[in-house]
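What follows is a set of notes on a single structure, which appears directly below.
Whatever order the structure lists them in is the order used to number ligands and atoms, beginning at 1. Since the model is a prediction, treat every value here as computed from it, not as a measurement.
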Amino acid sequence: MRRFFAALTLVAPFAALPSVEAKEVRVYSGRHYNTDRAAYKKFSEQTGIKVRLIEATGISLVERLKREGANSNADVILLVDAARINNAADAGLLQPVSSKELQSNVPSRYRDPSNRWFGFTRRVRAIIVNPNVVDPNTIKTYSDLANPALKGKLCLRKRKNVYNQSLVADQIILKGQTAASAWVKGMVKNVSQPYFGGDVSLIRAVGQGKCGVGLVNHYYLARMQAGASGKSDQKVTSNIKLVMPNPAHVNISAAGVAKSAKNKKEAIQFIEFISSPKGSRLIAGPTFEYPLKNLGTSKELKAFGTVTPDNVSISALGAKQKTAIKVMADAGWR
Ligand code: FE
């Protein structure tokens, strides 16, 4: 009897090996926020699945995945902005997945109709104003940025950045190409400074009064105002007023299962977690993005007021990206 039990205990660990083998998910992320790691840690604690993170900026991530092809180690791909997400899907880098949880976590306009990607945080392309230069009450919507009264006072980021491309795509869908072209031309006429390389430098210029008005993603301003990038940025942004356009162009961060995923089940579980109310809140909190549902709790975001999204879906934006770039180039947006 004794020998029998001894044999059993010896055998048991081997028999159990396949199920106790460390599970993992490899995440290729085009997000550049260190704070995401805290949310991944919660996922690991909850599921026992280890997260291996590989970071690269949006475009190089897609290039890398294309190069790696079927040999890629990626299980999950994270990207920001409709343009990049749709491009990754069009390039065949993602596979459709069926998950009831994802359908209920993610409102339909923030996910791919073919189930290849799912949003998990939201961002607004918002208008920022220096009240010493321009009266914030004269600006309510994107259209107002083409008002000739703003000549020499508007600052814009370079054309090649996807954030503005997606905004222009959004306006083309809402107004039609002719009206959207007229709007872009009107804005370009109002630009005085050279086009900016990033949202952060543009925000500083607005704070310093070099620009009266600008277009930026809301979270950059919130982060600077909260002091996340230091006292000097906090000071220079303290005076800036964010005008929440009504309706607002809402963009997303999104996740999809890589075409070549070797850990598909774990990949789906990971995306279910980051798009869940809890996961979305964990990711969006420290970056000052908006979670998928509700508007976050920080005082900076509360000061921005409520968000009324327009009704354009993220997949529709992708389809208009090329047209948007042409409209911008034709108008002289550099
Ligand atoms: Fe960003």
Check the orientation of Phe43 and Phe273. Use parallel for under 30°, tilted for 30 to 60°, and perpendicular for over 60°.
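Taking Phe273 first and then Phe43, their aromatic rings sit tilted (interplane angle of 30° to 60°).
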Please report, to 0.1 Å, the donor-acceptor pairs under 3.5 Å made by any side chain of residues 220-228, with sequence neighbours excluded.
unit_1, atom_1, unit_2, atom_2, d
Arg223, NE, Thr287, O, 3.3
Arg223, NH2, Thr287, O, 3.3
Gln225, NE2, Thr237, O, 3.0
Gln225, NE2, Ile240, O, 3.3

Let me know which of Arg84, Arg31, Arg122 forms a side-chain contact (heavy atoms from CB on, under 4.5 Å) with Ser253.
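Per the side-chain contact (heavy atoms from CB on, under 4.5 Å) rule, the option paired with Ser253 is Arg31, out of Arg84, Arg31, Arg122.
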By salt bridge (Lys or Arg N to Asp or Glu O under 4.0 Å), which residues pair with Arg111, not counting sequence neighbours?
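Residues passing salt bridge (Lys or Arg N to Asp or Glu O under 4.0 Å) with Arg111: none at all.
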Looking only at side chains, do Asn130 and Gln208 share a donor and an acceptor under 3.5 Å apart?
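Checked: Asn130/Gln208 side chains show no N/O donor-acceptor pair below 3.5 Å.
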Under-2.8 Å protein N/O/S neighbours of the Fe ion (ligand 1), ordered by chain then residue number:
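Counting only protein N, O or S atoms under 2.8 Å from the Fe ion (ligand 1), the list reads Tyr163 OH, Tyr219 OH, Tyr220 OH.
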Pairs involving residues 296-305, ordered by first then second residue, that meet side chain to side chain donor-acceptor pair (under 3.5 Å) (sequence neighbours left out)
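For residues 296-305, and leaving out neighbouring residues, there are no side chain to side chain donor-acceptor pair (under 3.5 Å) pairs at all.
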